[in-house]
Every structure is written in C-alpha cells, then in structure tokens.
Amino acid sequence: MSDISVTFGEDRRPRRPSLTPLVDVVFLLLVFFMLAARFGTEVAVPIGAAAGGAEAWEGPPRLVTVGPGTVRLNGQSIAAPALASALAPLMPTLSAPVILRAEGDARLQDVLTVASGLRAAGISTLVFAR
C-alpha cells in the first residue's frame with residue numbers, strides 16, 4: 001500500500017451572511033404597508049362652531065337627552081325616528097336651536113345617529129351640551 005497524502009486548499013474563513021436580502025424584505029414590507037394603509041377619515045360629521053354671544057332663547061324648551069339605548073325629549077321617552085316630528089311643534093323655525101345632551105354611559109355612535117337624524121329632518125342648529 002502506498003501512502004497517499006491529500007492536501008486541501010487553505011482553510012477559508014467562514015462567510016458572513018449577507019444582509020441584502022433582509023433589507024430587501026423589510027423595504028418591500030414597508031412599501032406594502034404604506035400602500036395598504038388608509039389615510040384620512042372615512043366619515044366626517046359636520047359640526048359648525050357658533051361665533052358670537054348667546055342669543056335669546058325663543059319658544060319652549062327643546063332638550064334631547066341621549067342615554068344608553070334611550071332618547072328623551074324634555075324628559076319624556078321617545079322613539080328616535082319620531083323625534084323630529086315631536087320637535088316640530090316646539091320650534092318656531094327650523095333654524096331654532098335644539099340642545100343635544102349625552103347622559104350616563106351613552107355611546108358616541110348613539111348621539112351621532114340622533115344628530116344625523118335631526119339634520120336629515122332639516123333641523124340646522126344643534127347645540128351639544130354636557
């Protein structure tokens with residue numbers, strides 16, 4: 001038998017992994033989430049701010065109180081769809097103010113639903129109270 005000696009090349013340093021694919025993936029995720037994100041508001045509720053001093057109240061009281069699952073007009077329970085027709089005899093004009101107040105644990109969505117219903121009925125001045 002003959003001795004065969006095998007020599008391999010020089011010992012090479014282990015290669016460090018390349019970070020380029022990682023940077024590419026992070027960049028693609030960033031672009032994806034920027035394009036998939038929603039910018040702006042979906043729904044806006046127009047609320048006008050009244051300027052100037054207090055005007056004299058005209059006519060009977062018009063206090064709409066929205067509670068958790070309830071709507072009351074001047075303390076009397078009323079169905080939300082019937083609210084605009086119940087307010088009509090109390091208002092000298094459709095531009096007369098109506099005070100809208102949230103009570104207890106009322107949800108914002110309930111208050112906005114009542115406000116939208118009143119605006120749809122032509123009532124143009126809503127005063128939000130605490």
Side-chain angles (χ1 to χ4, degrees):
M1 279 212 207
S2 66
D3 288 333
I4 300 176
S5 66
V6 178
T7 58
F8 296 104
E10 301 177 11
D11 287 341
R12 290 167 56 190
R13 288 186 312 149
R15 286 184 48 195
R16 290 179 42 186
S18 174
L19 292 180
T20 304
L22 177 66
V23 171
D24 289 345
V25 169
V26 169
F27 179 71
L28 287 174
L29 286 173
L30 176 69
V31 170
F32 172 76
F33 284 113
M34 284 178 59
L35 293 176
R38 294 184 189 182
F39 296 105
T41 57
E42 289 183 25
V43 178
V45 177
I47 297 177
E55 298 177 19
W57 186 267
E58 197 176 315
R62 298 174 293 274
L63 174 64
V64 177
T65 306
V66 180
T70 63
V71 177
R72 292 183 300 168
L73 173 61
N74 294 332
Q76 301 295 319
S77 292
I78 189 167
L83 181 60
S85 60
L87 273 169
L90 301 175
M91 301 183 64
T93 64
L94 286 178
S95 64
V98 173
I99 299 174
L100 188 60
R101 180 176 169 266
E103 176 181 64
D105 292 334
R107 296 181 321 158
L108 177 61
Q109 183 61 50
D110 295 336
V111 175
L112 292 177
T113 301
V114 170
S116 297
L118 292 175
R119 284 202 180 258
I123 297 171
S124 61
T125 307
L126 296 176
V127 177
F128 292 90
R130 292 188 206 187

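- Distance check: Leu29 CG to Asp24 CG gives 11.0 Å after rounding to the nearest 0.5 Å.
- The two residues Ala86 and Pro89 come nearest to each other via the heavy atoms O-CD, 3.4 Å.
- Of all heavy-atom pairs spanning Thr65 and Glu103, the tightest one is CG2-CB, 3.6 Å.
- Pairing each heavy atom of Leu73 with each of Ile78, the nearest pair is N-CG2, 4.1 Å.
- The two residues Leu90 and Arg62 come nearest to each other via the heavy atoms O-NH1, 3.1 Å.
- Annotation: the span from Ile123 atom CD1 to Leu87 atom CG amounts to 5.0 Å, rounded to 0.5 Å.
- A donor-acceptor pair under 3.5 Å is absent between the side-chain atoms of Asp110 and the main chain of Val66, judged by distance alone.
- Contacts of Ser85 classified as side chain to side chain donor-acceptor pair (under 3.5 Å), with partners at least two apart in sequence or in another chain: none.
- Both Val25 and Phe33 sit in one connected hydrophobic cluster of ILVMFWY residues. Membership requires side-chain heavy atoms under 4.5 Å apart, directly or through other members.
- In this structure, Ala115 and Leu100 approach most closely via the heavy-atom pair CB-CD2, 3.8 Å.
- A continuous path of hydrophobic side-chain contacts links Phe27 to Leu35 [ILVMFWY only; heavy atoms under 4.5 Å].
- Minimum heavy-atom separation, Val127 to Pro97: CG2-CB, 4.0 Å.
- How far CZ of Arg101 is from CD1 of Ile99: 10.5 Å, rounded to the nearest 0.5 Å.
- Once rounded to the nearest 0.5 Å, the distance linking CG of Leu83 with CZ of Arg72 reads 12.5 Å.
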